[in-house]
Amino acid sequence: MFSNVRSCLARVPSCVSSRTALTAALCRHQHRTVSSESAPVKVLYDGLCPICVTEIRFLQFLQRNKPRKVDFIDISQQGYDGGKYKDVSYDMAMEEMHVIDEKDEVHRGVPAFAVMYSAVGLGWLGRFMMWPPVRPFMDKSYAIFARNRLKWTGRAEMCTTGRCEKKKH
């Protein structure tokens, strides 16, 4: 069983053709065809969240040689308009991670991370997060993080008005 898992994690698109249900479950979410004309993946993130910004900078570093593969959209910018991003409002994007894939489909929570990681070359990590034995733990952990991230980053007071604002000294 574990050799099938290792084999699936090692092979990115070809793992879908594997015959076992386990590897199919691992790979089903991540399999997508990308043409040279496909729209970039759009990652909606909170640019005032220090944890979020650290991760986004790492992902930007990973995709530095793949221009236009991923667009990172900072929802904290004054001009953010959810209408441009499949009607994902500021409030929705603040509740949990949202990613819009190449097919213009919106993914939220853990599946959003899986799509985002796949787009920057970390598909193995996205598949691992979506693996049925791991997925419940990932969902529970992310729900706790999403619910508490403002408090844990010292921003709870800044976000009481419905829109977070940088503190003015």
Side-chain angles (χ1 to χ4, degrees), residues 5 9 25-30 32 39-169:
V5 172
L9 291 174
L26 272 171
C27 303
R28 177 180 42 234
H29 179 76
Q30 292 305 309
R32 56 177 49 86
V41 170
K42 295 169 192 69
V43 174
L44 308 179
Y45 75 98
D46 177 5
L48 295 177
C49 170
I51 296 168
C52 308
V53 168
T54 300
E55 182 169 21
I56 295 302
R57 285 184 182 153
F58 174 67
L59 298 175
Q60 287 172 326
F61 172 78
L62 289 178
Q63 72 120 32
R64 69 194 178 283
N65 295 326
K66 301 173 194 139
R68 299 289 304 151
K69 178 70 179 150
V70 181
D71 284 342
F72 296 93
I73 313 299
D74 182 352
I75 65 164
S76 70
Q77 293 295 311
Q78 199 65 20
Y80 175 75
D81 177 11
K84 294 179 183 176
Y85 304 102
K86 302 292 287 183
D87 293 324
V88 177
S89 70
Y90 172 81
D91 292 331
M92 291 167 61
M94 284 296 286
E95 287 177 13
E96 63 184 333
M97 174 63 93
H98 283 72
V99 172
I100 304 167
D101 69 14
E102 303 94 340
K103 296 177 183 174
D104 222 21
E105 295 175 18
V106 178
H107 303 269
R108 300 181 336 226
V110 173
F113 283 96
V115 171
M116 174 176 70
Y117 291 155
S118 181
V120 297
L122 295 175
W124 63 269
L125 180 57
R127 286 188 302 278
F128 179 74
M129 294 170 68
M130 297 299 291
W131 185 33
V134 175
R135 175 75 188 270
F137 172 75
M138 295 304 303
D139 286 336
K140 184 83 78 185
S141 300
Y142 180 68
I144 292 168
F145 171 77
R147 187 172 48 251
N148 292 292
R149 75 180 176 89
L150 295 175
K151 179 173 54 174
W152 292 346
T153 59
R155 298 175 53 224
E157 327 71 61
M158 294 171 41
C159 301
T160 57
T161 63
R163 188 143 181 105
C164 298
E165 298 179 15
K166 289 185 180 179
K167 289 182 181 176
K168 295 177 176 62
H169 298 282

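The two residues Ala119 and Val41 make their nearest non-hydrogen contact at CB-CG2, 3.8 Å. The two residues His107 and Asp101 make their nearest non-hydrogen contact at NE2-OD2, 2.8 Å. Closest approach of Met129 to Val110, counting heavy atoms only: CE-CG1, 4.0 Å. Between Thr153 and Cys49, the shortest heavy-atom contact is CG2-SG, 4.5 Å. Minimum heavy-atom separation, Asp87 to Met92: O-SD, 3.7 Å.
Evaluation of the salt bridge (charged side-chain N to carboxylate O under 4.0 Å, His left out) test over residues 107-125, restricted to residues two or more places apart or in two chains, returns Glu96-Arg108.
No side-chain heavy atom of Glu55 sits less than 4.5 Å from a side-chain heavy atom of Phe58. Taking 4.5 Å as the limit, every side-chain heavy atom of Ile75 sits out of range of all side-chain heavy atoms of Tyr45. Residues Val43 and Leu59 are not in side-chain contact: their nearest non-hydrogen atoms beyond the backbone lie 4.5 Å or more apart.
Taking OH from Tyr90 and CG from Leu44, the interatomic distance works out to 12.5 Å, rounded to the nearest 0.5 Å.
For the side chain to side chain contact (heavy atoms under 4.5 Å, CB included) test, no residue two or more places apart in sequence or in another chain qualifies with Glu95. The salt bridge (Lys or Arg N to Asp or Glu O under 4.0 Å) check on Asp71 picks up Arg68, with sequence neighbours excluded. Among residues two or more places apart in sequence or in another chain, the side chain to side chain contact (heavy atoms under 4.5 Å, CB included) test is passed with Phe145 by Ile51, Tyr142, Arg149, Trp152. Every side chain to side chain contact (heavy atoms under 4.5 Å, CB included) that Lys84 has, sequence neighbours left out, goes to Asp81.
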Note to self: Between Ile100 and Glu105, is the side chain to side chain contact (heavy atoms under 4.5 Å, CB included) condition met? List the steps.
What the structure shows: CA-CA 5 Å; Ile100 304 167; Glu105 295 175 18; over 6 Å; no
Donor-acceptor pairs are to be reported for all side-chain atoms of residues 132-141 against protein atoms at under 3.5 Å, with residues two or more places apart or in another chain.
residue : atom : partner : partner atom : Å
Arg135  : NE   : Asp139  : OD1          : 2.9
Arg135  : NE   : Asp139  : OD2          : 3.0
Ser141  : OG   : Phe137  : O            : 2.8

